[in-house]
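The structure under discussion appears below in the form of structure tokens.
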Amino acid sequence: MLTINFLRENTKLAIERLKVKNFDAQSIITVILGLDQQRRDIQTESDSLQAEMNQLSKEIGNLFKQGKQTEANEAKEKTTSLKDKIKDLTTRLDEVNSELNSLIVQLPNVPHESVPAGKTADDNLEVRTGGAIPVLTDEALPHWDLAAKYNLIDFELGNKLTGSGFPVYIGQGARLQRALINFFLDENLKAGYTEYLPPFMVNEDSGFGTGQLPDKEGQMYHVGLDNFYLIPTAEVPVTNIFRDVVLNESDFPVKCTAYTPCFRREAGSYGKDVRGLNRLHQFDKVEIVQLRKPDDSYLALEEMVSHVEAIVKKLGLPYRIIKLCGGDMSFTSALTYDFEVFSAAQKRWLEVSSVSNFESFQANRLKLRYRNNETKKTILAHTLNGSSLALPRIVASLLENNQTAEGIKIPEVLVPYTGFSLIK
RNA sequence: GGAGAGAUGGCAGAGCGGUUUAAUGCGGCGGUCUUGAAAACCGUUGUACCGAGAGGUACCGGGGGUUCGAAUCCCUCUCUCUCCGCCA
């Protein structure tokens, strides 16, 4: 969430920038600033009344000690009206605060100045492309047929065990998963990230910290008996490691990576978008998370984009990097780059990574701060994250693009991990 | 699942109705001494909000209550630990 101080000091800027996200903030911000003023007025009054009350209580204590019962009882009577006033003010303050809060959480993050305006994915900006799109024969198969042909993934079996969207990987298919996870983690380690293996379920506080709760709870699986949520991405447990933490300047940059399965309900999805590996309820992903000081978070974003790009290049997949327009960006992001790889038999671009700078939007919810060396003040850190990478669509693209008459070729960098160079 | 104990500042740990602006120790920071360091000694040491400032208010796991006054008493929730049971 945005901070009230930011809104107070940058009212015009916030309204202008939010237009890029197609969000008309004019009236809501006006109401917010009005409530903020009310809040401060009430608190000033309430504080001074409470000071008076504290003073009075102290005096009553002293009177009792001196045995002056009558005076003490007289003084006690004076507190009654004070108490009522304070109670009244406190109630009002709570009301104003909760109203204020409920409005602020409705405001999306303010996009970075470089974010293009636009409504849909069509308005996104292609930053650059790489890799060659393979030319396949007419007999080329989509990955779900390849998966069946080579017995790599059994989608039907997943239906039996759980339900649709929970595939079972088998043999070389399973080993390819394990290889990719290790490869991605190793690449991240080499780039200076520390590996974590977090819980795959989180509590409510964690869900709130990264912004999944309260609004998007329909997207997560909920374990009702214990009130836990299955994580939709490693971003949730990893970023929440730093909830309620005050870092030192010397701790930066904080760079974390984690492999986790990801669970998404994806209610309402259907059709060709969800065919095969295109969209699943459970999938594997390796995530990178960085914490930065505000002054170099955009440098870090570019660094993360280059890092993910290097991995995709090593796999030899045709890719494009896209800067999302305001309308296509997530609620919490200030700037997002998407990575897509081309899946040559489906002839579709598939999103395999989304790299974002959230600035202090998440940090404010998380109370994730650092102490400034000079001023000794605490300042909200910036959080960033990205996939490096999501497995299913990488697998889809690898299978489709690398199919030959002899079998499916495994990219050279993966062979040490798979132990085989051809799926047949 | 059963029984018991507990939750206090960065950490350890007192306090159990009114000089608590939370003792004390450790750690951290600043200083004295020293060629330098250690030791010793002295000082200092949280967060948030309101206020131009002086200053004020709130916070002792969360929420509610009793009281003129709550870290302290009551209710309730959550979590942690110990033992037993089950178990990879």
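Keep in mind it's a predicted model, so treat the numbers as computed, not measured.
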Side-chain N,O (A:Asn54) to OP1/OP2 (B:rU57) below 4.0 Å: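 Yes, A:Asn54 has a side-chain N/O under 4.0 Å of OP1/OP2 on B:rU57.
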Could you state the [atom1]-[atom2] distance from [X] to [N], rounded to the nearest angstrom?
X	N	atom1	atom2	result
A:Gln50	B:rC59	CD	C1'	12 Å
A:Asn62	B:rU19	CG	P	10 Å
A:Gln55	B:rU21	CD	P	12 Å
A:Asp244	B:rG9	CG	C1'	15 Å
A:Glu204	B:rC77	CD	C1'	13 Å

With rounding to whole Å, what would you report as the distance between [N] and [M] at their [atom1] atoms?
N	M	atom1	result
B:rG63	B:rA14	C1'	27 Å
B:rC49	B:rA39	C1'	43 Å
B:rA88	B:rC73	P	44 Å
B:rG15	B:rC86	C1'	41 Å
B:rC74	B:rA23	C1'	27 Å
B:rU80	B:rG25	P	33 Å
B:rG65	B:rA7	P	24 Å
B:rG61	B:rA71	P	10 Å

Give a yes or no on whether a salt bridge exists between [X] and [Y], defined as a side-chain N under 4.0 angstrom from a carboxylate O.
X	Y	result
A:Arg40	A:Glu45	no
A:Asp36	A:Arg8	yes
A:Lys76	A:Glu59	no
A:Glu16	A:Lys19	yes

Does [X] have its ring centroid less than 6.0 Å away from the ring centroid of [Y]?
X	Y	value
A:His307	A:Tyr193	yes
A:Tyr229	A:Tyr221	no
A:Phe358	A:His382	no

Sole residue of A:Ile322, A:Leu350, A:Val352 in side chain to side chain contact (heavy atoms under 4.5 Å, CB included) with A:Glu340: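 Of the listed options, the one satisfying the test is A:Ile322.
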Worked check of salt bridge (Lys or Arg N to Asp or Glu O under 4.0 Å) between A:Lys293 and A:Glu249: CA-CA 8 Å; A:Lys293 290 198 280 183; A:Glu249 286 205 34; 2.7 Å; yes
Secondary structure string for RNA chain B (Watson-Crick or G-U under 3.5 angstrom, | for other-strand pairs): ((((((((.[[[..)..(.....]]]((((((.......))))))(((((....))))).[[[[[..)....]]]]])))))))....
Sugar-phosphate only, base, or nothing, as touched by A:Ala51 at under 4.0 Å among non-hydrogen atoms: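 Sugar-phosphate, no base atom in range.
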Value rounded to 0.5 Å, distance of CG in A:Leu100 from CZ in A:Arg39: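 Here the interatomic distance stands at 6.5 Å.
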Can you check nucleotides 85-88 of chain B for protein contacts, nitrogen or oxygen pairs under 3.5 Å, and list what you find?
none

Per-nucleotide protein contact string for nucleotides 60-75 of chain B (B base, S sugar-phosphate only, - none; heavy atom under 4.0 Å): --------BS------
Under 4.0 Å protein heavy-atom contact, by nucleotide of nucleotides 47-53 of chain B - B base, S sugar-phosphate only: SSBSS--
Donor-acceptor pair between A:Tyr337 and A:Glu309 side chains, under 3.5 angstrom: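 Distance-only check fails for A:Tyr337 and A:Glu309.
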A:Tyr370 and A:Phe252 aromatic ring geometry - parallel, tilted or perpendicular at 30°/60° bounds: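 A:Phe252 vs A:Tyr370 ring planes: perpendicular.
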Sequence neighbours excluded - salt bridge (Lys or Arg N to Asp or Glu O under 4.0 Å) pairs with any residue from residues 234-247 of chain A: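 Applying salt bridge (Lys or Arg N to Asp or Glu O under 4.0 Å) to every pair that reaches into residues 234-247 of chain A, excluding sequence neighbours, yields nothing.
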Ring pair (Phe, Tyr, Trp, His ring centres under 6.0 Å) partners of A:Phe64, counting only residues at least two apart: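 For A:Phe64, no residue satisfies ring pair (Phe, Tyr, Trp, His ring centres under 6.0 Å) once neighbours in sequence are set aside.
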A:Arg292/A:Glu303 under salt bridge (Lys or Arg N to Asp or Glu O under 4.0 Å): CA gap, chis, key distance, verdict: CA-CA 12 Å; A:Arg292 291 287 189 138; A:Glu303 175 197 311; 3.0 Å; yes
